[in-house]
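What follows is a single structure, written as structure tokens, with notes after it.
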Amino acid sequence: MPLPAARPPDGATLFKQQCAVCHTTNLSDPMRQGPPLVRIVGRAAGKVEGFHFSDGLAKADFTWDEARLDAWLANPQAVIPGAIMAYRQARPETRAAIITYLKELN
């Protein structure tokens with residue numbers, strides 16, 4: 001009997017596996033290494049009360065949208081030179097699933 005086809009992980013699972021070590025999805029949990037990501041889509045970059053951003057992010061003059069988040073997850077330092085986020089995700093489908101999940105948190 002053949003095994004059933006594997007389903008790719010959903011955005012929430014991917015977030016938990018790849019992002020939750022550094023980021024929360026609510027404002028009530030203590031801050032981690034990165035800022036909370038609840039309501040990130042449509043939020044000004046580098047602006048979360050109580051979180052200390054790197055100089056580049058603190059001075060950023062854009063709003064997070066799907067395209068910026070996709071570029072950020074692919075290569076943060078290309079979006080903000082000197083950014084301190086080490087995570088990079090080369091797979092577009094993984095980035096899309098995470099971004100879709102983040103949009104659901106809005």
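For the pair Arg95 (side chain) and Ala90 (backbone), a donor-acceptor distance under 3.5 Å is present.
Under a hydrophobic-cluster definition in which Ile, Leu, Val, Met, Phe, Trp and Tyr are linked whenever side-chain heavy atoms come within less than 4.5 Å, directly or via other members, Phe62 and Phe51 are assigned to the same cluster. Hydrophobic clustering, with ILVMFWY side chains joined whenever heavy atoms are under 4.5 angstrom apart, keeps Ile84 apart from Trp72. Transitive grouping of hydrophobic side chains (ILVMFWY, heavy atoms separated by less than 4.5 Å) keeps Val21 and Tyr101 in distinct clusters.
For residues 11-37, the side chain to side chain donor-acceptor pair (under 3.5 Å) pairs, not counting sequence neighbours, are Asp10-Thr13, Gln18-Tyr87, Gln18-Gln89, Asn26-Ser28, Asn26-Asp29.
Side-chain contact between Arg68 and Asp65 is present, with at least one heavy-atom pair separated by less than 4.5 Å. Contact annotation: the side chain of Met31 never approaches that of His52 to less than 4.5 Å [non-hydrogen atoms, C-beta and beyond]. The shortest side-chain heavy-atom distance between Leu105 and Leu37 does not fall under the 4.5 Å cut-off.
Other residues, nucleotides and ligands place more than 12 heavy atoms under 6.0 Å from the CZ atom of Arg43.
Considering every non-hydrogen atom in both Ala45 and Trp64, the closest pair reads CA-NE1, 3.4 Å. Considering every non-hydrogen atom in both Pro76 and Arg88, the closest pair reads CD-CG, 3.9 Å.
Put simply, OG1 on Thr100 and CZ on Phe15 are 13.5 Å apart, with the number rounded to the nearest 0.5 Å. Atoms CG and CD1, from Asp55 and Ile80 in turn, are 11.0 Å apart once rounded to the nearest 0.5 Å.
Only one option out of Ile98, Leu102, Leu73 pairs with Cys19 in a side chain to side chain contact (heavy atoms under 4.5 Å, CB included); it is Ile98.
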